[in-house]
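Structure first, then comments.
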Amino acid sequence: MTTVMEIQNLTLEYPVPRKYRKEKFKPSGVRNISLEVKKGEVLGIIGRNGSGKSTLLKMMAGVFPPDSGSIAIRGSVSLLAGVGVGFHKDLTGRENAYLYGALMGRTQNEIDGLIDEIQAFAELEHHFDRPLRTYSSGMKSRLGISVATAFNPDLLLIDEVLGVGDASFREKSKKQVRKMIEKSGAVVIVSHSLGLLKEICDRIIVLENGNIVYKGNPDVAVETYLQL
Amino acid sequence: MDSNPGEVPLTPLWGKRSFFRLPFIVAKDLFQARHLLRLLVKRDLTGRYSRAYLGYTWAILEPLLLAIVYTFLFTILLGSNDPLYSVKIIIGIIGWQLFARSVTTSTRSISSSINLFQFARIPKTVFATSSVLTNYVLALISLSCLIPFFFIHDLSLSFQTLLVPVWLILICFTGWVIGLMLAPLACKVPDVINLVNFLVRAGFFLSPVMWTYDMFDKRFGEGWHSVLAHMNPTVVPITGMRDAILGESTAIPSYGYLMCFSIAICGYILGSIIFERKAHRAVVNV
């Protein structure tokens, strides 16, 4: 199978704020991580809060640079995180969809081709062309997840974005993410929904204090995580 | 590494880039991100006066109201007898505001946009650039407050007037490059933003807003004072704007122009190198 992403000895240490330097407090980064993501694979990442899951995803997306080690990617990568972040209350739903798409690295033509699909999925109807400040928080979430899940990169990174909206929309979002997983080259997903991860992942890695403590079978990974 | 023939190769996300290529990379990245840049400028322009009843009229009213205050101070209290003094002040305020806003918004561009570049790898310079372009558009709108003065003082448009947007570009470009140099440091040491705010306020008095080039020349003449004054990157462009609008011709020495353009070009080279080398790591500090 073709490698979509190759990570070797990846390390990132967060700077320690001055007031904490005397204490032995050390913010968790990631330490000496090596892994490969293959085409067609769904890789899960689990770990306790502060174990370095989101940091690793941000490094895989190219947002954070490593202190040492290397990351190589074949094709495009985008990260689904913080649905609705970047939306502007004075822009319409449509304008926000274009802006959010561009922030995800998409071209105008790509967004043009998907805008009808985004509008239909968000179920906003005539509200789509009204300013965001007239939206309820549920409508904003629907717009966010609709734009975020519209594109199919070669490597899709998902960071806990499936808990927004009402119950029926959450179910719809999960279905959409599953569809994305089928369409995308490979997926790396961070979630605390262990059942979902066991169901969809081919492999799971368990992170603790920025280190990989287990990598492999999803059932074993979840057992390892629960014993931490 | 396993790959099939004809497939795109694995590309390092953080490959080594030559020091000298960075200014070209910044320009290329911005060109490629022009769609995002346009959307960000539209967002900023929409949001700027969206809650105000008078909307964009504020862009015209701000320099006009400030000019009324300064003209009152200088014409009535200090006895300035130049009939065009109020026009000169308005031009100075528009130019200075553009410079000040360009420096401050570019300096805090990384820390204020941290949430916006977490989805994909997009050039971080777009946020500083979009805010500067927004300020440029607002400065162009502000210029319309000069229209009544063209009738009052019987001024006329000439070929020279076309230079006004060019001088404004030079002003915001210089502010942008200064911001690029400082933005990574501002993430690490937030006090830099406070320091820049202070320097911008102090710089108001050192720039030709309430005084003109001729006033300075009459008082200090040639010499080290003049060289020092030309180190301020707003002196030549603001004077150039006044000349372009009022149809005057101020005798700025050739070294003045040379210093002004050199500061802009060297600032771009240095700013793009510092930004590209330091900004990515600085994000981790925010």
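The sequence lines fix the lettering, A, B, ..., with proteins before strands; numbering per chain opens at 1.
- Contacts with chain A (heavy atom to heavy atom, under 4.5 Å) involve no residue of residues 19-33 of chain B.
- For the options Leu39(B), Leu40(B), Leu13(B), heavy-atom pairs under 4.5 Å to chain A are most numerous at Leu13(B).
- For a residue to count as touching a neighbouring chain, one of its non-hydrogen atoms must lie under 4.5 Å from one of that chain's; by this rule Ser78(A) touches chain B with backbone and side chain alike.
- Residues of residues 265-281 of chain B lying under 4.5 angstrom from chain A, judged on non-hydrogen atoms, are His280(B), Arg281(B) by number.
- Counting heavy-atom pairs under 4.5 Å between each of Lys42(B), Arg38(B), His35(B) and chain A puts His35(B) at the top.
- The most heavy-atom pairs under 4.5 Å with chain B, out of Ile73(A), Leu91(A), Asp90(A), Ile111(A), come from Ile73(A).
- Within residues 175-197 of chain B, no residue has any heavy atom less than 4.5 Å from a heavy atom of chain A.
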(message) Applying side chain to side chain contact (heavy atoms under 4.5 Å, CB included) to Leu99(A) and Arg43(B), what does each step give before you reach the verdict?
(response) CA-CA 9 Å; Leu99(A) 179 60; Arg43(B) 180 200 65 169; 3.7 Å; yes
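- Ile122(B) touches chain A through its side chain: at least one heavy atom from C-beta onward sits under 4.5 Å away, while N, CA, C and O do not.
- Taking the side chain as every heavy atom from C-beta outward, Val284(B) and Pro65(A) approach each other to under 4.5 Å.
- Between chain B and the residues Leu79(A), Asn96(A), Thr55(A), the largest count of heavy-atom pairs under 4.5 Å involves Leu79(A).
- Looking at Leu57(A), neither its backbone nor its side chain comes within 4.5 Å of chain B, counting heavy atoms on both sides.
- Tyr100(A) OH to Leu116(B) CG: the interatomic distance, rounded to the nearest 0.5 Å, is 10.5 Å.
- Looking at Leu157(A), neither its backbone nor its side chain comes within 4.5 Å of chain B, counting heavy atoms on both sides.
- Between chain B and the options Ser70(A), Ala61(A), Gly62(A), the largest number of non-hydrogen pairs under 4.5 Å is found for Gly62(A).
- The interface of residues 101-110 of chain A with chain B, defined by heavy-atom distances below 4.5 Å, comprises Ala102(A), Leu103(A), Met104(A), Gly105(A), Arg106(A), Thr107(A), Gln108(A).
- Summarising the local packing, CH2 of Trp14(B) is surrounded by more than 12 heavy atoms from other residues, nucleotides or ligands at distances under 6.0 Å.
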